[in-house]
Amino acid sequence: GCSGDTEGSDGTENIELNVASWATPDSLSEEMAEWWYTEIEERTDGRVTFNIDAADSLCSASEIPECVRDGRADVGQTLTDYSTQLFPMASISSIPFLSPGSEPVAKAIHDLSTEHEGAAALWEENNLHPIAHVPPGRLLLGGDTELSSVDHLDGLRLRMAGQYAQEAVDAAGANSVVLTAPETYEGIERGLADAAGFPLDGTVAYQLKDILPEWTDPGIGTYTTIGMWMNSDVYSELPDDIRSVVDEVTEEYNSEHAHRIFNEITTMQCDLLLDTIGELNQWEDDESQRWEDSIEADLEERWVEGAESDGLTDAAGYLEAYKSKLDEYSGDMEADPSLACAERG
Amino acid sequence: MVAKPKTFEDILRTSVEKMAVPLGALSSLSTIVMMVAISIDVVARNTAGEPIPGLLELSEMALVATVFLGIAYAGTTNAHVSVDLLTSKLPTKSRRMIAGLMWLLGSGMIVWFIMSTFDRAIQSTEMSEVTLGLVVWPIWPARWLIVIGYVAFLIVALANAYLSFRNEPLLGEDEDALANDEAQDSSSTGQHVIAPEVDGTEKKS
Amino acid sequence: MSSGLAVLLVAGVLIALLLLKMPVWLALAISGGIGLWVLRDEAFVGSTLATASYEETSTFSLTIIPMFILLGVFAVRAKVAEQVFTIARRAFTKIPGGIGIATVAACAGFAAVSGSSIGTAATMSRLSVGEMRKAGYPASMAGALVAVAGTLGAMIPPSLFLVLYAILANVSIAQMLAAGIVPGTLSAVIYATYILIRTRKYSKVSSNGSALAQEIDVEIEKSQGRQQATGLPYRGLFRLGIIFAIIMGGIYSGLFTPTESAAIGALAALVILVLEFKTNGVREIARQFVGALTETAKTSTMVFAVIVGSSILSTFFVVARVPQTISNSVTSLDIPDWAIMALLLVFLIPLGMALESISILVITVPLIYPVAMDMGFDGIWLGVMIIKLIEIGMVTPPVGINVFVVAGTARLPSIEVFKGVWPFVVLEILLLVGFFIFPDVVLWLPSLVQ
Ligand code: NA
Ligand code: NA
């Protein structure tokens, strides 16, 4: 539970929440979450404070959901890819060619966490109160040579990301090379892999733009989300007024600020990328379609089966609802910053 | 040791070793599984152009098996490193009393390890915890290997505590001198008798 | 209980348990566990115990440790080490430090293929400590040399350590990798120089030493009768060269990763073991093979138990916010910038004693880097300093993981190894002072990389 409950000078309770985060300083994840922490601290007049441990120190990135569930941390933030069976509701975003961009995906998952009964029940059962699930961006491909069609991928040794990425890699005739994000730089440098899949954020954070000169958006869309949760017990035991501040900030975060910050940072990273490599390319629609069509497995069906076995009741209904939410939100919003970047360069 | 009637302590030693040695053998087997799996993966990637799904995950599990199936065996051969600064200057009897207390305290800690890893193994099994790479790989078997390893080590720790309180050497402690000699004379031929401590004794492995 | 009091309690318990000969990994786990229990609760400790046990042993990159140990054990059983060091002894007949220098060179070579200090130390202690002792080196010096030279693994690229620092500090990875080369090589040269001076003084002082040298020559003469042509077992050197060539060639041509190289190297060493014993029959080969596996399993278990224990203690230091407290109190001191910087860096040594090294990097870089930037220090230079200091922490008491690994692997009393470490630590600190005064020593090579 909250470890630092102390009586404030005016008799009200002061709450210190421990945060386990995978975010390194100045990263996209940190900048986004920082808004949420600060707003809550300010709107509760400092009655709630956050004690944020350095990335990977209290709980490793893959262990963070577990740390939040068992109460070692009160709040956590990490990639949902690390423990997919807890997050079928978010891993839906890794189905290739389904999810266009960060904002519609984040909003859809946020809405469905309460609107879809199965999802709400599973969050509760996992003892996680969801705060936000924001994809780190559309998946880009970087290589030494131009990668503008499926044929260019044939035979390439490709470092990919995402739960269903293997299917897409296979379908394109490329070979998967398993490298963690920090290992990728040295792996590419030595020729272990020819190309890599990363969001725009990764091209800068892992300095891949410095060794891979050709970057392109192949139309796969998002491939995972950065999830943020609070321990359910901690959340429900918050004093009413504080809980309503948390809810209010969380709502504003999901409806506006997460995306505003995401867009700002991604646009900045776009500048850095374009400064280094000149332009970010984008696949023709037919070419993306050709890649999508070449994937033989029915990944939506596979997601439904997996999600059901992970405890999400009515997973098929979730998928349908997710798709219509994406349609709804994609219509009236500005282009995803990765696409905007490709338009610029 | 000369032939004399078997005491309870002798039987205890033998039984604990009988439990730990097969686990140690499995631990050894795991290191070779790791070597072969990683090598095959490298060869497959460079010839067929594709890694073999699951070998990476297999290697990770083999590492868990190497460590935790070997932990009791390392215990019976007194291979866990410790700092001998103060106790070496004490008379044997007091040294063994302290060793008994330490192993008793250590046993308590191991019980804590067992309880928490057991809970985690149950939880992992119930939710059929997996990792996702090129292949979906179950995590729960590795979690149970940890529990098995700690339980076996608890038996070693308790036996060590008992033996120490009975003023007997720890499991594997007699072998230390021999093992040390082998380390000096890392050639198994024993021909290069140079350093005074070396006597070329071959320790059976 | 306040964090400060908890830290004192934990330090007291740890030192008491170590002195009373509690196995090191249990001493680390118990003291860390008590600290977490005092600051949080039983549930927190339970989760930490379960997490540390699994996370520290189920990571692919850590397979490098048992694989390098296996490589070392195979190579020793195939008599490669003995043969190589016989040659080294001969080659350096006029220089008593020959074997020590050969060891440093081999550590630097391993460092150029592996990013793991612990892996390098474990392999080299199996390969060279026995040979050094045969040549008359005291246990303390032989063990300490390997423990210290093992730390080159993180400084000489490839090194995930350098890459992680670059990512955390947002400096150029390419420059950071280049920046490790000169300090790493310079450290190796300094260790070798020290060995040269120390062992020379040694043979002058002790007549026993020169008697030993004579004995070595007698041995070499004797072995000449058995060896072909020049009388020296050059096949050992050739075989070691093959193993290195396979590993180096594979890594630098992109055939496999540094992590995978350890398994390939072990496989190559196995082939050499089979060649060495092929005339002795299948049974002897099988006996050597099984013996090597058992030894590897035992050593690997010992090493990983210490890593698990250290990760538990490390979690305590994070929860007690020790790094933040130190950093805040140092930066608030009213002293010149360079002195603040020096103090911050010096505090990395005691932190390195308790925190496992990747954690300490992730925790301290965000604390120290902004301060250093404000003061106008160079980010690349800072990375070299931080990594060097963390590595010093890995060989200093009470908890120096490399020392425990060497002591456990070579079956030396850890206290002896710790004793032998001090002169090296002094040298390391002198080297760091040099880098502090002349940062260009570190920075000229990366400045060529753009
Ligand atoms: Na290295
Ligand atoms: Na240390």
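All chains are named by letter (A, B, ...) in the order of the sequence lines, taking the proteins before the strands, and each is independently numbered beginning at 1. On a predicted model such as this, the values are computed, not experimentally measured, just so you know.
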Which bit of C:Leu160 comes within less than 4.5 Å of chain A, counting heavy atoms only: side chain, backbone, both or neither? both
With a 4.5 angstrom heavy-atom cut-off, is it the side chain or the backbone of C:Leu36 that approaches chain A, or both, or neither? neither
With respect to chain C, which residue among A:Glu63, A:Glu183, A:Arg72 yields the maximal number of heavy-atom pairs within a distance under 4.5 Å? A:Arg72
Which of the residues C:Leu255, C:Ile251, C:Thr259 is involved in the greatest number of heavy-atom pairs with chain A at under 4.5 angstrom? C:Ile251
Carefully, step by step, assess A:Thr180 and C:Phe60 under the rule side chain to side chain contact (heavy atoms under 4.5 Å, CB included). CA-CA 10 Å; A:Thr180 63; C:Phe60 185 72; over 6 Å; no
With a sphere of 6.0 Å drawn around CD of A:Glu124, does it hold more than 12 non-hydrogen atoms of other residues, nucleotides or ligands? no
Residue among A:Val178, A:Leu179, A:Val177 satisfying side chain to side chain contact (heavy atoms under 4.5 Å, CB included) with C:Thr257: A:Leu179
Any C:Val319 side-chain heavy atom under 4.5 Å of A:Leu58 side chain: yes
Taking side chain as everything from C-beta outward and backbone as N, CA, C, O, which of these in C:Phe256 sits under 4.5 Å from a heavy atom of chain A? Side chain, backbone, both or neither. backbone
Heavy-atom proximity to chain C below 4.5 Å, by part of A:Glu189: side chain
Under 4.5 Å from any heavy atom of chain A, what part of C:Ala174 do you find: side chain, backbone, both or neither? both
Which region of C:Val45, side chain (C-beta onward) or backbone (N, CA, C, O), has a non-hydrogen atom less than 4.5 Å from a non-hydrogen atom of chain A, or is it both or neither? neither
Atom pair CG/CD1 of A:Asp210 and C:Ile173 - distance to nearest 0.5 Å: 8.0 Å
Proximity breakdown for C:Pro258 and chain A, heavy-atom pairs closer than 4.5 Å: side chain
What are the two closest non-hydrogen atoms of C:Ser47 and A:Asp70, and how far apart are they? OG-OD2, 3.0 Å
A:Asp53 versus C:Arg321: any side-chain heavy-atom pair under 4.5 Å? yes
Can you tell me how far the OH atom of C:Tyr54 sits from the OG atom of A:Ser62, to the nearest 0.5 Å? 8.5 Å
Okay, A:Ile211 and chain C: the region with an atom under 4.5 Å from a heavy atom over there is neither
Side chain to side chain, A:Asn18 and C:Arg40, heavy atoms closer than 4.5 Å: yes
Roughly how far, to the nearest 0.5 Å, is OG of A:Ser27 from CD1 of C:Ile167? 12.0 Å
At a 4.5 Å cut-off on heavy atoms, which part of A:Tyr206 comes close to chain C: side chain, backbone, both, or neither? both
Would you compute the distance between atom CD of A:Glu66 and atom CD of C:Glu55 and round it to the nearest 0.5 angstrom? 10.0 Å
CZ of C:Phe347: more than 12 outside heavy atoms within 6.0 angstrom? no
Is chain A contacted by the side chain of C:Thr48, its backbone, both, or neither, given a heavy-atom distance below 4.5 Å? both
Structural part of A:Glu186 lying under 4.5 Å from a heavy atom of chain C: side chain
Calculate, to the nearest 0.5 Å, the distance between atoms CD and CG belonging to C:Gln324 and A:Asn51 respectively. 8.0 Å
Is the number of heavy atoms from other residues, nucleotides or ligands under 6.0 Å of C:Trp37 CH2 greater than 12? no
